[in-house]
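Residue numbers run from 1 in the order of the sequence given.
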Amino acid sequence: MKRFTFILFLLASVTHVTIAQQQISLQEAFKKALATYPTLRSSHLNTSSRKALEGTAWDIGSTEMSSGAEEMGKGNDGIRTLIAVRQNLDIFNIGVRRQMLRQQTRVSEAETQFLERNLIREVGIDYASAFVARLKIEKLRGLDSVYSDFEQAAKLRYTTEATSRLEYLAAQNQARQIKVTLKQAQYDLLMANQNLSRWLSTDTLYTTENDLGEYENARFFNFNASPFPALVLAEEKTKLADAGIRDARSAYLPKLYAEFGSQKIGSVNGYYSWQVGLSIPLVFGATKSRIRSAKIERERSQVDYENEQRRFHSTLQQSQANFDKWKKSVDYYRQTALPLAEEQKKNALSAYKEQETNYLEFIQNIHEAVQIEMGYLDAYAQYLETKLNLEYYQ
């Protein structure tokens, strides 16, 4: 008895939460997660950083400044270069650099979209889990009420000597076990709400709405028929590998330079010099190695893309099959099993009160009905998760 009281106290204590609680709808949860989740915010900042770097494609080269002299010595005044300015012109690589940097931005954007879709799915799954945990508590509260009536009826039968003390004690034990199960379910709900809240906030415990009916015959997510982000990301990485090949080949391109200087011969100013030229790489071994490496990276990216396509189509088919399976199960429970279970519970309590059955028959009938109801909730949880997964891939 003391052990039982301690368990009740322990389970009751964990349900008291000091942080604020707030009910939130599924769509509101999606919006809040997309707006505040740190990992996603970091990804957006990374994309912004990539976009900012696109301007570096116009870096045409460095500017050099120098001063010097030539033909000096043996009493010769020589030629003094007061100042010379040389501008290196790497203009042939601008287009290649722009393509490379722009493609890096596209990859970052695709990564962000991939994270967004994953985040929405995780929020949806945790929301559905918290909702089902809430339904379970409602069922157990109803069952607790039934067993309370059962305990009172058993007490009455014991008081009137219509049954034994053993039967009355058994009824008490069953009623108390349901209370423990209810407390455990409340703890499960608390953990489910905490799992949901981790995507939304650190100082608020979010709870679900009372009904998800509007989503059962509609879409949980609104992806606007956008392509699956994992495929988009794999494709953009392939394009980045193509840009990498072009970038490696750009090492073959020449670079220009132009120089102008102001000179002085002896004590006479007003002279100037200029020259224009280009630099050409004469040794191509390193460039060839970089190109070869870039081509291998392109081939690897293509293989990854093809693997992602296979995984996508396979998982989509499996998701559809799982959804169909659990939808049929939920339909069966709702149309056939649950109405019978509800009727069985009512008749079991009525028959026991009328002394038409004993406590063992009552417990057996209630146990069968409860198994059906709990089986329905398990099937409903699987149905919601498979629906979320199916929409994730569609």
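- Aromatic pair Tyr383/Phe323: ring centres closer than 6.0 Å.
- Between the Glu28 side chain and the Ser25 main chain, a donor and an acceptor come within less than 3.5 Å of each other.
- Of all the heavy atoms in Ala248 and Ala294, the pair that sits closest is CB-CB, 4.5 Å.
- Hydrophobic clustering, defined by side-chain heavy atoms of Ile, Leu, Val, Met, Phe, Trp and Tyr closer than 4.5 Å, groups Met65 together with Ile83, Val85.
- Here NZ of Lys325 is found 11.5 Å from NZ of Lys328. Values are rounded to the nearest 0.5 Å.
- A search for side-chain hydrogen bond (donor to acceptor under 3.5 Å, both in side chains) contacts involving Arg311 returns Glu308, not counting sequence neighbours.
- With values rounded to the nearest 0.5 angstrom, Met374 atom CE is found 14.5 Å from Tyr380 atom OH.
- Ser67 contributes a side-chain N or O that, together with a main-chain N or O of Leu82, makes up a donor-acceptor pair within less than 3.5 Å.
- Without hydrogens or angle criteria, Ser197 side chain to Asn193 main chain gives a donor-acceptor distance under 3.5 Å.
- Taking CG from Leu196 and CD1 from Ile125, the interatomic distance works out to 12.0 Å, rounded to the nearest 0.5 Å.
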> Which is it for Glu109 and Lys51 under the salt bridge (charged side-chain N to carboxylate O under 4.0 Å, His left out) test, yes or no, and what are the steps along the way?
Replying inline: CA-CA 10 Å; Glu109 290 171 343; Lys51 287 182 178 179; 3.6 Å; yes

> Can you list the steps and then say if Gln320 with Asp324 is a side-chain hydrogen bond (donor to acceptor under 3.5 Å, both in side chains)?
Replying inline: CA-CA 6 Å; Gln320 183 67 62; Asp324 293 340; 3.1 Å; yes

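- Residue pairs meeting the ring-ring contact (aromatic ring centres under 6.0 Å, His included) criterion with at least one member in residues 30-68, sequence neighbours excluded: Phe30-Phe221, Tyr37-Trp199.
- Under the ring-ring contact (aromatic ring centres under 6.0 Å, His included) criterion, the residue pairs touching residues 240-266 are Tyr252-Phe284, Phe260-Tyr272, with sequence neighbours excluded.
- Atom CZ of Arg80 has 12 or fewer neighbouring heavy atoms from other residues, nucleotides or ligands inside a 6.0 Å radius.
- Of the inter-residue distances, the one linking Gln87 atom CD with Ser62 atom OG reads 7.0 Å to the nearest 0.5 angstrom.
- Considering only residues two or more places apart in sequence or on other chains, Gln382 meets the side chain to side chain contact (heavy atoms under 4.5 Å, CB included) condition with Trp326.
- Thr47 places a side-chain N or O within donor-acceptor distance of the main-chain N or O of Ser43, the cut-off being under 3.5 Å.
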>> Could you walk me through whether Arg300 and Asp304 satisfy the salt bridge (charged side-chain N to carboxylate O under 4.0 Å, His left out) test, starting with their C-alpha distance in whole Å, then the side-chain angles of each, then the deciding distance to 0.1 Å, before giving a yes or no?
In response: CA-CA 6 Å; Arg300 187 187 67 81; Asp304 289 345; 2.9 Å; yes

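- The salt bridge (Lys or Arg N to Asp or Glu O under 4.0 Å) check on Arg298 picks up Asp242, with sequence neighbours excluded.
- The pair Glu391-Lys387 counts as a salt bridge, with a side-chain nitrogen and a carboxylate oxygen less than 4.0 angstrom apart.
- Inspection of the Asn210 and Arg134 side chains reveals an N or O donor paired with an N or O acceptor under 3.5 Å.
- With hydrogens and angles disregarded, a donor-acceptor distance shorter than 3.5 Å links the side chain of Gln23 to the backbone of Thr208.
- The two residues Pro254 and Leu278 come nearest to each other via the heavy atoms CB-CD1, 4.3 Å.
- No more than 12 heavy atoms of other residues, nucleotides or ligands sit less than 6.0 Å from atom CD of Glu299.
- Surrounding CZ of Arg334 are more than 12 heavy atoms belonging to other residues, nucleotides or ligands, all under 6.0 Å away.
- Atoms CG and CD, on Leu205 and Gln22 in that order, are 10.5 Å from each other to the nearest 0.5 Å.
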> Would Glu236 and Arg106 satisfy salt bridge (charged side-chain N to carboxylate O under 4.0 Å, His left out), going step by step from the backbone distance to the final call?
Replying inline: CA-CA 7 Å; Glu236 293 298 341; Arg106 290 195 180 101; 5.1 Å; no

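- Applying the ring-ring contact (aromatic ring centres under 6.0 Å, His included) test to every pair with at least one member in residues 112-144, sequence neighbours left out, gives no pairs at all.
- Contact of the Leu256 side chain with the Val276 side chain is not registered, since no non-hydrogen atoms from C-beta on lie closer than 4.5 Å.
- Ala185 and Leu140 make their closest contact through CB-CD1, 3.4 Å (heavy atoms, listed as atom of the first residue, atom of the second, distance).
- The side-chain hydrogen bond (donor to acceptor under 3.5 Å, both in side chains) check on Glu385 picks up nothing, with sequence neighbours excluded.
- Nearest heavy-atom pair across Val330 and Ala379 is CG2-O, 3.7 Å.
- Checked by atom type and distance alone, the side chain of Thr336 never pairs as donor or acceptor with a backbone atom of Tyr333 at under 3.5 Å.
- Listed by chain and number, the residues in a side chain to side chain contact (heavy atoms under 4.5 Å, CB included) with Asn93 are Asp90, Arg97, Ser250, Leu253, Lys255 (sequence neighbours excluded).
- Side chain to side chain, Arg246 and Gln99 meet the donor-acceptor criterion of an N or O pair below 3.5 Å.
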> Can you check side-chain hydrogen bond (donor to acceptor under 3.5 Å, both in side chains) on Asn46 and Ser108, steps first, answer last?
Replying inline: CA-CA 7 Å; Asn46 181 59; Ser108 181; 3.1 Å; yes

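- Here the shortest heavy-atom pairing between Leu200 and Ala29 reads CD2-O, 3.3 Å.
- Note that OG1 of Thr181 and CD1 of Ile137 are 12.0 Å apart. Values are rounded to the nearest 0.5 Å.
- In the model, Gln302 has a side-chain atom that pairs as donor or acceptor with a side-chain atom of Glu306 under 3.5 Å.
- Arg198 meets the salt bridge (Lys or Arg N to Asp or Glu O under 4.0 Å) test with Asp126; sequence neighbours excluded.
- Take Ile265 and apply the side chain to side chain contact (heavy atoms under 4.5 Å, CB included) test, not counting sequence neighbours, and it matches Ile79, Tyr271.
- Between Leu34 and Glu116 there is a side-chain heavy-atom pair separated by less than 4.5 Å.
- Hydrophobic cluster membership is shared by Leu115 and Tyr392, with clusters built from Ile, Leu, Val, Met, Phe, Trp and Tyr side chains linked at under 4.5 angstrom.
- For the pair Glu373 and Lys345, the salt-bridge criterion is met [side-chain N within less than 4.0 Å of a carboxylate O].
- The side chain to side chain contact (heavy atoms under 4.5 Å, CB included) check on Ser201 picks up Lys32, Asp203, Thr204, Tyr206, with sequence neighbours excluded.
- Shortest non-hydrogen contact noted between Met100 and Asp247 is SD-CB, 4.4 Å.
- At least one donor-acceptor pair under 3.5 Å links the side chain of Thr105 to the backbone N or O of Leu101.
- Side-chain N/O atoms of Asn365 and Glu361 include no donor and acceptor closer than 3.5 Å.
- For the residue pair Ser319/Asn389, the side-chain donor-acceptor check at 3.5 Å is not satisfied.
- For Glu343, the CD atom is loosely surrounded, since the number of other residues' heavy atoms within 6.0 Å does not exceed 12.
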